[in-house]
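Have a look at the structure below, then the notes.
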Amino acid sequence: MSYSDKTYSFFENVYEVVRLIPKGRVTSYGAIAKYIGSGGSSRMVGWAMNAAHGQRPKVPAQRVVNRVGLLTGRHHFETPETMQHLLEKEGITVVNHQVQNFKKVIWDPSVELL
DNA sequence: CGATTGACGTACG
DNA sequence: TCGTACGCCAATC
């Protein structure tokens, strides 16, 4: 592990929050970044998820979408359809790679988990 | 060590 | 209302 303790915490922080997302709910990168305290570093959340592959316990990255509810990270899964399939399996309706009723299924850690 | 990229978000025109 | 520009911070080239 060449990562600094601070950086390591950042990644672990993201993973932990993502794992806390209830089934049938989704959150946005910005919401996670804000909860961690990185501010507008929503891109860092994406980087963390990029390293989430192979993490145990499994990180439900399919529950993390952008602020529009669009499955922008679907292409990073085993297959582009895996993300949508998992979300639909959890009861989330996804049309055209976009989460329907996004306003209902949104789960903001800085609000719900506060 | 400097420049570019990246699973985003907000601001501005 | 829609399209474009810029900012965040870390990792990679």
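Bear in mind the structure is a predicted one, so any value in this text is a computation, not a measurement. Chain identifiers are assigned alphabetically (A, B, ...) following the order of the sequence lines, protein sequences preceding nucleic acid strands; residue numbering begins at 1 within each chain.
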What is the distance, rounded to the nearest whole Å, between atom [atom1] of [X] and atom [atom2] of [N]?
{"X": "Asn13(A)", "N": "dC9(C)", "atom1": "CG", "atom2": "P", "answer": "16 Å"}
{"X": "Met49(A)", "N": "dT5(B)", "atom1": "CE", "atom2": "P", "answer": "24 Å"}
{"X": "Arg63(A)", "N": "dA7(B)", "atom1": "CZ", "atom2": "C1'", "answer": "17 Å"}
{"X": "Tyr29(A)", "N": "dA10(C)", "atom1": "OH", "atom2": "C1'", "answer": "17 Å"}
{"X": "Met83(A)", "N": "dA7(B)", "atom1": "CE", "atom2": "P", "answer": "12 Å"}
{"X": "Met44(A)", "N": "dT12(C)", "atom1": "CE", "atom2": "C1'", "answer": "12 Å"}
{"X": "Tyr35(A)", "N": "dG9(B)", "atom1": "OH", "atom2": "C1'", "answer": "21 Å"}
{"X": "Trp47(A)", "N": "dA7(B)", "atom1": "CH2", "atom2": "C1'", "answer": "10 Å"}

Problem - C1' atoms of dA7(B) and dG3(C), separation to the nearest Å - result: 22 Å
Problem - Candidates dA11(C), dA7(B), dC9(C) - which lies nearest the side chain of Asn50(A) - result: dA7(B)
Practice task
Looking only at side-chain atoms of Arg67(A), point me to the closest of dA11(C), dA7(B), dT10(B).
Solution key: dT10(B)
Exercise for the section: Output the distance between atom NE2 (His76(A)) and atom CE (Met83(A)), rounded to the nearest 0.5 Å. Expected result: 10.0 Å
Handout entry: Rounded distance (nearest 0.5 Å) linking atom OG1 of Thr27(A) with atom CZ of Phe102(A)
Key = 7.5 Å
Practice task
Decide side-chain contact (heavy atoms from CB on, under 4.5 Å) for Gln84(A) and His97(A); before the verdict, give the C-alpha distance in whole Å, the side-chain angles of both, and the deciding distance to 0.1 Å.
Solution key: CA-CA 7 Å; Gln84(A) 180 173 339; His97(A) 300 167; 3.3 Å; yes
Practice task
Remember a base hit wins even if backbone is also touched, and classify Asn66(A) as base, sugar-phosphate or nothing at under 4.0 Å, heavy atoms.
Solution key: sugar-phosphate
Exercise for the section: Classify the nucleic acid contact of Ala61(A) as base, sugar-phosphate or nothing, counting any heavy atom under 4.0 Å across all strands shown. Expected result: base
Completion exercise
In Arg25(A), Arg63(A), Lys23(A), the residue satisfying salt bridge (Lys or Arg N to Asp or Glu O under 4.0 Å) with Glu90(A) is Arg63(A)
